[in-house]
Structure formats: C-alpha cells, structure tokens
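To keep things clear, I will list the structure first and then write my remarks on it.
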2 protein chains.
Amino acid sequence: MSAFHTYKNPSLAVDMVVFGYQDNKLSVLLLNRNEEPFKNEWTLPGGFVRMEDTFEETCTNILSKKLGLTKLYLEQLYSFDETDRDPRGRVISVAYYSLINPAKFKIVAGSMANDVKWFEVKKMPKLAFDHKKIFAAAIKRLQSKILYFPLGFELLDDLFTMSELHQLYECILDTEIDRRNFSRKILDADFIINTGIKREGVKNRQPDLFKFNKKLKQNNFHLNIQQQ
Amino acid sequence: MSAFHTYKNPSLAVDMVVFGYQDNKLSVLLLNRNEEPFKNEWTLPGGFVRMEDTFEETCTNILSKKLGLTKLYLEQLYSFDETDRDPRGRVISVAYYSLINPAKFKIVAGSMANDVKWFEVKKMPKLAFDHKKIFAAAIKRLQSKILYFPLGFELLDDLFTMSELHQLYECILDTEIDRRNFSRKILDADFIINTGIKREGVKNRQPDLFKFNKKLKQNNFHLNIQQQ
DNA sequence: TTAGTTTGTGTTATTTTGACACAAAGGTAA
DNA sequence: TTACCTTTGTGTCAAAATAACACAAACTAA
C-alpha cells in the first residue's frame with residue numbers, strides 16, 4: 001500500500017486492570033500519578049507500546065519492572081480509541097486485565113508513581129483519563145467469563161478450600177450462591193472430572209483442600225449461576 | 001509523561017470481517033490485493049487509522065467509500081499485535097466484524113483491489129497477512145454471541161419467516177436445531193415478548209413473516225442451543 | 001382434486017436447577 | 001474427656017427447562 005508511510009500514527013499504550021483478592025474482597029491496583037496530566041490522581045497502570053514489543057510484552061515489562069509482578073494471567077479486553085481520551089494528543093489504549101494473588105507479591109511504587117494501592121472494587125476513587133470506562137469493562141468481563149472458565153483459581157493460593165472458592169465467586173458476582181449447589185457444580189465441572197483434580201488434606205489446614213494444577217485451566221466448564 | 005513524544009509509534013490499521021448471508025450460506029467479503037505485499041492474494045478489507053478518526057469512523061469510511069456499504073452493524077473483535085504480522089513493518093490491526101444483508105448493496109471493487117468477492121466460510125481461499133487468524137476469531141465470536149444476542153436479524157431482510165431465521169441459525173452454528181423447539185425459544189425470548197414484535201401476513205409471501213423493528217436489538221435473550 | 005411439503009401446536013420423558021434437611025467431621029471451651 | 005458450635009458432605013424433592021417427537025392444519029404443485 002503506497003500510503004504506508006504517509007500517515008502520522010496515533011500513540012499506542014496499554015492500560016491494565018489488575019485484580020487481586022484479599023480478605024474476601026476483590027480489589028484493583030491503582031497508581032497515583034506523579035506527572036501531568038492528571039498529576040496526583042489515580043490511574044490504572046499502563047505505558048506506551050514500543051516498536052519492538054507486543055502488547056503482552058509491554059504489559060509484562062510494566063508490571064514486572066515497575067511493580068515486581070511476574071507470571072500473571074493476562075487477557076486482552078478491548079481497545080479504546082476516543083480521539084480526546086488523552087489531553088496530550090491522540091493515544092489509543094489497548095486494555096488488558098490481569099488476575100493475581102496479592103499474597104505472592106510485594107507491590108512497590110516505582111519511579112512512575114507517588115503511590116501504589118489496592119482499592120476495593122466497591123470503593124474506587126475517581127479515575128483519570130477514561131479509566132473508569134476501562135475498569136467497568138473489566139469487571140463485566142470478569143463476571144461473565146468466570147461463569148464458564150475457571151478464572152477464579154488465579155486469584156487464590158495453589159491450595160484452597162471449597163468454601164474459599166465459594167466466597168470468591170460470591171464476591172466477584174456480587175450475589176449469594178447456595179453453598180451446596182455451588183460445590184456440586186464445581187465438582188461436576190469437566191475440568192475436575194476429566195483431569196482427576198486432587199483433593200487432599202494438608203497439615204494445619206482444613207481437610208478438604210483442592211490441589212490445583214495450573215494445566216487444568218484450559219478446560220472449559222459452565223456454572224450457570226443465577227444472578228439475583 | 002515525559003516520554004510521550006520519544007517513542008516511535010507502530011502503524012495502526014483496522015481489518016474487517018464482513019459477513020453476509022445468501023442462498024442459505026454464510027459468506028465473507030474478501031478483496032484481491034493489487035499491490036505488494038501479497039499482490040493478487042485475498043485479504044480482509046481494511047486500512048490505516050488516521051490521527052483524527054476513531055476505529056469505527058475508519059471502518060465506516062473504508063466500507064462506504066470503497067465498497068458502497070453503509071449503516072452496518074460493527075463490533076470490535078480483538079487487536080492483533082504480532083510484530084511480524086506485516087512485512088512492511090510494525091502494524092497493529094484492530095479487527096472488527098460486520099453483519100450485512102448482501103441483497104441491500106451492490107459491492108463495487110474500488111481502486112484498492114483487483115476484485116471483491118463473497119466467499120462461503122466453508123470455502124475460504126488462502127488469506128494474506130494473519131487474516132486467517134482474524135477470520136477464525138470472528139467466526140467464533142459470531143457463533144457464541146448469536147446464542148445470547150439477536151445478531152441474526154442483521155443478516156436478513158426486515159421481513160423474514162421463522163424458517164429463514166431457523167436456517168440462518170443452523171448455518172451459522174453449523175449444527176441441526178429442532179425446528180419446533182427453536183421456534184418456541186425465539187417466541188419466548190424477551191426481546192419478542194417485551195416489545196410485542198409483530199407477525200403479519202404479506203402479499204405474495206408466506207403468512208408467518210416477522211416484522212423486525214431494529215430498536216429491538218438492544219434486548220438480550222438467551223437461546224441455549226446445544227451444539228451437536 | 002390429490003399427494004407431498006411446510007408450518008403450528010401439543011405431549012412427554014429426561015435433565016437441570018434451586019431450595020433445603022440432616023448427618024458427619026472438626027474446632028473450642030470447660 | 002464432654003458439650004456445644006461451626007463447617008462441610010450427601011441426599012431429597014419439587015419446579016423449571018430441555019429435547020424428542022406426534023399430529024393436524026395450511027400451503028404448494030401437479
């Protein structure tokens with residue numbers, strides 16, 4: 001195409017909605033900006049995409065180098081393209097969301113921010129740019145995807161009890177789920193049945209722990225939980 | 001962010017999977033390129049995003065100016081970012097898919113292509129770039145979304161019979177669906193019940209035509225059709 | 001008219017779901 | 001240890017959803 005070099009290109013960035021689960025609450029990691037625009041306001045972690053990096057590489061670099069987070073579940077969410085979404089000029093944002101177990105990491109505010117903090121999804125502050133919209137899309141995706149894909153395990157320890165999983169689902173879906181019916185649905189799910197996931201007792205913990213094999217994630221299941 | 005102007009930005013393009021339904025077959029619109037790279041090979045329609053245009057504006061411009069298609073259903077699919085996906089250099093592709101009723105338009109090959117043709121999804125030629133991957137993602141999205149959102153109507157005339165709709169679903173999902181159970185599910189769907197969609201006889205056509213009001217699209221429903 | 005096809009309605013067995021009873025197991029405090 | 005409470009596992013059952021199919025009415029084509 002002859003026009004290949006005649007266009008000026010929009011800038012390209014990634015923004016990430018990093019979910020963590022602690023104390024039976026779902027939280028999101030936010031940075032307090034130390035530069036204009038939106039200085040001292042809260043934003044999603046993000047950064048520009050370099051010519052030689054893929055989106056995932058960009059995400060991984062930002063999270064690992066600046067926040068110390070590695071080996072995360074990452075999934076592309078949507079690309080946000082409104083022409084006025086960044087006051088500095090035209091910036092496309094490719095949004096990703098990530099699920100992490102906060103117990104496994106120490107979050108460190110790098111040079112890019114005054115502060116880094118977990119905010120419960122029900123107590124979010126005002127967000128800079130169009131990040132409120134990105135956050136809303138991420139919550140919606142998480143809520144719908146967890147019904148047919150075992151996302152929840154990313155947020156828990158490798159070993160967890162059925163009731164921990166149950167509470168996680170109630171928290172994410174923001175609804176009550178009958179404990180006994182939930183348990184049966186999980187145990188009937190293909191990814192448990194087909195792969196022989198183990199249940200075992202572990203010292204000093206309750207006797208019904210699941211041992212979760214990360215390889216099981218690929219198997220689909222469907223919970224069909226009714227929203228209240 | 002001080003780095004705002006120090007990055008060289010990847011080029012940004014949109015590519016579109018335009019679905020049409022004719023003769024009880026689902027087809028996709030492809031262009032035959034008249035320039036290198038991939039000269040004389042088939043590709044999805046697409047083009048570069050200008051600084052002042054959103055993705056949807058870019059899509060609309062390409063489809064209307066070059067192919068004569070207007071007022072289309074458009075939905076963002078995914079953004080493809082592999083660094084080597086375009087031999088000319090780094091090009092991000094934001095993929096959209098579109099549903100049109102081919103009977104309403106005359107497709108014209110503009111200056112950008114040798115030829116424009118509908119290809120049945122089961123008889124696709126080799127595609128240039130990574131467009132095979134984009135096409136596969138679009139089919140998958142269409143198949144899953146049609147189960148809970150009334151997408152199918154975009155592909156039919158404003159008036160259509162129940163059996164036309166039934167055949168469309170069988171075709172898209174590539175499975176057999178019991179005619180009588182399907183009919184009941186459609187009639188029980190919220191978007192029919194809540195809005196009082198009309199059924200009426202029309203001269204010279206079968207007496208069970210639906211009159212489809214475009215405003216109804218917003219209402220969700222769930223068909224829960226079993227894949228064979 | 002007749003034969004064949006398409007379409008609308010009804011029936012039924014099976015499966016899935018939601019709600020809940022109850023017992024077993026584990027923890028805690030005396 | 002016992003008594004009591006909490007947590008967890010299994011079972012039951014009614015209601016709802018689903019899949020399969022019978023049959024009659026309407027239409028088409030000859």
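Just so we're on the same page: letters track the sequence lines, and every chain starts at 1.
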Output a table of donor-acceptor pairs, distance under 3.5 Å, between side-chain atoms of residues 124-137 of chain B and any protein atom two or more places apart or on a different chain; print 'none' if there are none.
residue   : atom : partner  : partner atom : Å
Asp130(B) : OD1  : Arg85(B) : NE           : 3.3
Asp130(B) : OD1  : Arg85(B) : NH2          : 2.9
Asp130(B) : OD2  : Arg85(B) : NE           : 2.8
His131(B) : ND1  : Leu44(B) : N            : 3.1
Lys133(B) : NZ   : Glu82(B) : OE2          : 2.6

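- Here dG8(C) presents its C1' atom at 14 Å from NE2 of His166(B), a figure rounded to the nearest Å.
- Judged as a salt bridge (charged side-chain N to carboxylate O under 4.0 Å, His left out), not a single pair has a partner in residues 23-32 of chain B (not counting sequence neighbours).
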What are the atom names and distances for every N/O pair under 3.5 Å that joins the protein to nucleotides 10-14 of chain C?
none

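- Not one side-chain nitrogen or oxygen of Ser163(A) sits closer than 4.0 Å to the OP1 or OP2 atom of dT7(D).
- To the nearest angstrom, P of dA17(D) lies 18 Å from CG of Asp178(B).
- Aromatic ring centroids of Tyr21(A) and Phe19(A) lie 6.0 Å or more apart.
- Atom C1' of nucleotide dT7(C) and atom CG of Leu165(B) are separated by 15 Å, given to the nearest angstrom.
- The number of heavy-atom neighbours closer than 6.0 Å to NZ of Lys140(B), taken from other residues, nucleotides and ligands shown, is 12 or below.
- A close approach under 4.0 Å does not occur between any side-chain nitrogen or oxygen of Ser183(B) and OP1 or OP2 of dT7(C).
- With Asn101(A) contributing its side chain and Leu156(A) its backbone, the two residues share a donor-acceptor pair below 3.5 Å.
- Considering only the side chain of Lys185(B), dT18(D) comes nearest among dT17(C), dT18(D), dC21(D).
- In this structure, the side chain of Ser163(A) does not engage the main chain of His166(A) through any donor-acceptor pair within 3.5 Å.
- Following rounding to the nearest Å, Phe182(A) (CZ) and dA19(C) (P) show an atom-to-atom distance of 16 Å.
- Closest to the side chain of Arg179(B), out of dC21(D), dG8(C), dT8(D), is dG8(C).
- Summarising the geometry, the separation between CG on Leu147(A) and P on dT17(C) is reported as 12 Å, rounded to the nearest angstrom.
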